Number of protein chains: 2
Amino acid sequence: MAVTLADVAARAGVSAATVSRVLSGNYPVAGGTRTRVLRAVEELEYVVNGPASALAASSSDLVGILVHDIADPFFGIIAGAVQSEMGDGDGSGGRNGRKLAVVCNTGGSPERELTYLTLLQRQRAAAVVLTGGAVEHPEHSPALASRLRRLADGGTAVVLCGRPPLPEPDAAPGAPAPVPGQRAATDEPAGGTEGGARPGGGVRPDGGIRPGGSARPEGGTRPDGGARSEGSGIVTVSFDNKGGARRLTEHLLALGHRTIGYVAGPAERTTTRDRLDGHRLALGAHSPALLEDAERLTVHGGAYDRSAGYDGALELLRRTPRVTAVIAANDTVALGICAALRDQGLRIPEDISVAGFDDLPFSADAAPALTTVRLPLHDAGVRAGRLALGRQAPPPGGVATVQAELMARASTAPPRAD
Amino acid sequence: MAVTLADVAARAGVSAATVSRVLSGNYPVAGGTRTRVLRAVEELEYVVNGPASALAASSSDLVGILVHDIADPFFGIIAGAVQSEMGDGDGSGGRNGRKLAVVCNTGGSPERELTYLTLLQRQRAAAVVLTGGAVEHPEHSPALASRLRRLADGGTAVVLCGRPPLPEPDAAPGAPAPVPGQRAATDEPAGGTEGGARPGGGVRPDGGIRPGGSARPEGGTRPDGGARSEGSGIVTVSFDNKGGARRLTEHLLALGHRTIGYVAGPAERTTTRDRLDGHRLALGAHSPALLEDAERLTVHGGAYDRSAGYDGALELLRRTPRVTAVIAANDTVALGICAALRDQGLRIPEDISVAGFDDLPFSADAAPALTTVRLPLHDAGVRAGRLALGRQAPPPGGVATVQAELMARASTAPPRAD
DNA sequence: CTGTTAGCGCGTTCAC
DNA sequence: GTGAACGCGCTAACAG
């Protein structure tokens, strides 16, 4: 059906192996031969057979990027940044360099997440990047963790971006792990609040990792400097959601707000929990009384979308009409909140303040401009991409945390005097 | 390294062939044997080797979705819809049904578009869906067209979504080609009112379809029912950008506006051109004088993004301070325009009206709610997905057009009396 | 530097 | 209903 390597070889008067070498570019070939081969390729419009090549080399150039919601710019920005790193860059590493970076939309469903990972594993993907908060579920979390480890053991680079690192596979016998919920020390112990102890991740009955640590098949010739040694080789770029949320609430507190509503995301997402933790940390630090009200002032939406904000705001207003400020799970939710508030005849920020999270591009243009917390999504994505390709040494401990920055704008103001 | 079919076969006490048959599910296998095999698969955590399977079967389950900007919800919605069709649906077609639907971000660059197509061709993708307006470029367009035809000839289903159908490959000798820059005659000769006459499903100048039609290599054994026969087999779901734009401008005209600015997208995108055409059609139908001003009142942005709107609006104001309304290339651009206008101290819609296009989710929530044109993006994506999988018979002529609907909201109002 | 020789893991005829 | 071969197109040792 299609033209094959052999066809090209015949046309160029060389052997198939030579053509392969020319195309791979990672082997010395005489100048003249090379041009002849290249010309034959042109003339025949030859296109490598990916599956065959992948089979023979037992490696592919597929890189999967998993996102919860492809229609959400939060993920679009990260995914775009990751992809931008795949392009050409030719990090001195021989080969053609071009990876097929590809984004997979899980729709927030754990099952689809697993399904995609299986499909990617089936394709023997070169790398997989999981973006956004993880879903915490007693059944799903261990399943995900084990699948990820298997991927990593199979030679696929695994990068987590925007979620906490995987819990340790299992405490080594004798060395009691520091509580399942450990994280890079980005949080201060403070207030003893110590958010929800997370479901002690995948406690495997067998324990033990493969002794040798998976050897990367692509025998790295270049001085990676980095210690890919780190545990399973799964690296993570996590966001300082907690710290950002905390600063945001402190901002509101400083403005004088004392009755702050919170429209959170789905309860089982780590992002949701971390942001809520930060919020409560700030509340508790200010006064225990505020912390007590927090529960009642929090409503969980079913997703990080507009309608969650709209409905959540209405619910909040019903429960506690005297709220003077509302914090949203993210910017999109914040917009939904604004819409609901306006529909109720409330002015922002005169009657009520609203704040978001993420600082998506549209937030600065909203009317009024949205107070929010900026997350360097693009940078994080770039970093994740580099890590996935092994172009950058993994951070110490395998975890890098990117900071969140408060963006105080027009949607927040002191509460009304009455 | 990994567990293979043979391992599973051994464990189950059968031959590799049998395991393969069980997994493919498209062949009779004794009940007992099947369960034993399945159990062995479970126990060994066997995962099919995609490349090997693809090589042997010369087909893969990869489906590529190309988008211009992954951070733009316009594409996210379409891509998500396409993906949703890939899931399980098991359209009676034997096999496991699960496709690896995957989105590729071209960033609007023709080169990257071509690159991705090459990569997908290399993977022997089952289908490719190109979304969003095409880039019209004397060099790129033919290159793209020929690559798409080769893909289609190679057995990959090709679906265009949101762009015009490909021009006929080349007039048969004797029938002079309608000029390189041609397109399916979706435009009426202008001047003539000939309103929303829906782009007559690609009224090709020649009428005929390619006689032979490239024989599908995959000697189709299964009764596809559908007539994949159509020309190259490339089907398209196009948007009625022109009709929608026209109705939008008519709306403004009816409100009394006579000096309407237009912040268009990149000049070389078909979407840009189609929308502008519709705009001018309405203008011309109203009065030739308005049409004359149109050129001066149009500014092109470098992309369909916020800053194009912001900058464009400023430029427009500088050139023609007395504009009473501004139409944007799309909703995102419209938001940028609103921001610029507000920064200039203008109120919307009291001082100036603004309208967008697409009706993205956030548009209804903007302040004021944005007047725009709704495109059924989700439906279009679903349709494209079905077409790609051959689950739905291609529309007559290979072209389906989805309609655009005017959404008149608060951002447009009659011009000020002065 | 280049040709030869083996498989990579699976789908698919064939016989049985 | 099941097993035994063969080959998909390419890469990776080895020779030379």
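Remember, it's a predicted structure, so these values are computed and weren't measured experimentally. Here is the naming used below: chain letters follow the sequence lines, and residue numbers restart at 1 for every chain.
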Which residues share a side chain to side chain contact (heavy atoms under 4.5 Å, CB included) with B:A56, sequence neighbours left out: none
Over how many whole Å does the gap from B:R124 atom CZ to C:dG11 atom C1' extend? 17 Å
For the helix from C:dC1-D:dG16 to C:dC16-D:dG1, measure the angle between the helix axis at one end and the axis at the other, each built from five pairs, rounding to 10°. 30°
Roughly how many Å is it from CG in A:N26 to P in D:dA13, rounded to a whole number? 11 Å
What I want to check is whether the side chains of B:Q123 and A:D61 have a donor and an acceptor closer together than 3.5 Å. yes
When you check the phosphate oxygens OP1 and OP2 of D:dC8, does a side-chain N or O of B:S58 lie under 4.0 Å from one of them? no
Kindly state each residue pair satisfying salt bridge (Lys or Arg N to Asp or Glu O under 4.0 Å) with at least one member in residues 3-28 of chain A, sequence neighbours excluded. A:R11-A:E43
Using a heavy-atom cut-off of under 4.0 Å over every strand shown, decide if B:L5 touches base, sugar-phosphate, or nothing. sugar-phosphate
Check: B:L117 and B:L119 side chains under 4.5 Å, non-hydrogen atoms: no
Keeping the roles fixed (side chain from A:S109, backbone from A:E111), state whether a donor-acceptor pair exists under 3.5 Å. yes
Close N/O contacts between protein and nucleotides 1-5 of chain C (under 3.5 Å):
{"unit_1": "C:dT2", "atom_1": "OP1", "unit_2": "A:T33", "atom_2": "OG1", "d": "2.3"}
{"unit_1": "C:dT2", "atom_1": "OP2", "unit_2": "A:A30", "atom_2": "N", "d": "2.8"}
{"unit_1": "C:dG3", "atom_1": "OP2", "unit_2": "A:S15", "atom_2": "N", "d": "3.0"}
{"unit_1": "C:dG3", "atom_1": "OP2", "unit_2": "A:S15", "atom_2": "OG", "d": "3.2"}
{"unit_1": "C:dG3", "atom_1": "OP2", "unit_2": "A:T18", "atom_2": "OG1", "d": "2.7"}
{"unit_1": "C:dG3", "atom_1": "N7", "unit_2": "A:R21", "atom_2": "NH2", "d": "2.7"}
{"unit_1": "C:dG3", "atom_1": "O6", "unit_2": "A:R21", "atom_2": "NH1", "d": "3.3"}
{"unit_1": "C:dG3", "atom_1": "O6", "unit_2": "A:R21", "atom_2": "NH2", "d": "3.3"}

Residues at least two apart in sequence or cross-chain that pass salt bridge (charged side-chain N to carboxylate O under 4.0 Å, His left out) with B:R150, listed by chain then number, are A:E45
Whole-Å distance separating the CG atom of B:N49 from the C1' atom of C:dC10: 8 Å
Less than 3.5 Å apart, any donor N or O on the side chain of A:T118 or A:R147 sitting next to an acceptor on the other? yes
Between D:dG9 (P) and A:L55 (CG): distance, integer Å: 12 Å
Test side-chain hydrogen bond (donor to acceptor under 3.5 Å, both in side chains) applied to B:T35 - qualifying residues, sequence neighbours left out: none
Starting at atom CG of B:L23, determine the distance to atom C1' of C:dG11, rounded to an integer number of angstrom. 12 Å
Can you tell me if the side-chain N/O atoms of B:S53 get under 4.0 Å from OP1 or OP2 in C:dG11? yes
Is there a side-chain contact between B:K99 and B:L62 in this structure, where contact means two heavy atoms from C-beta onward sitting under 4.5 Å apart? no
Which nucleotide in C:dT12, D:dG9, D:dT11 has an atom nearest any side-chain atom of B:S20: C:dT12
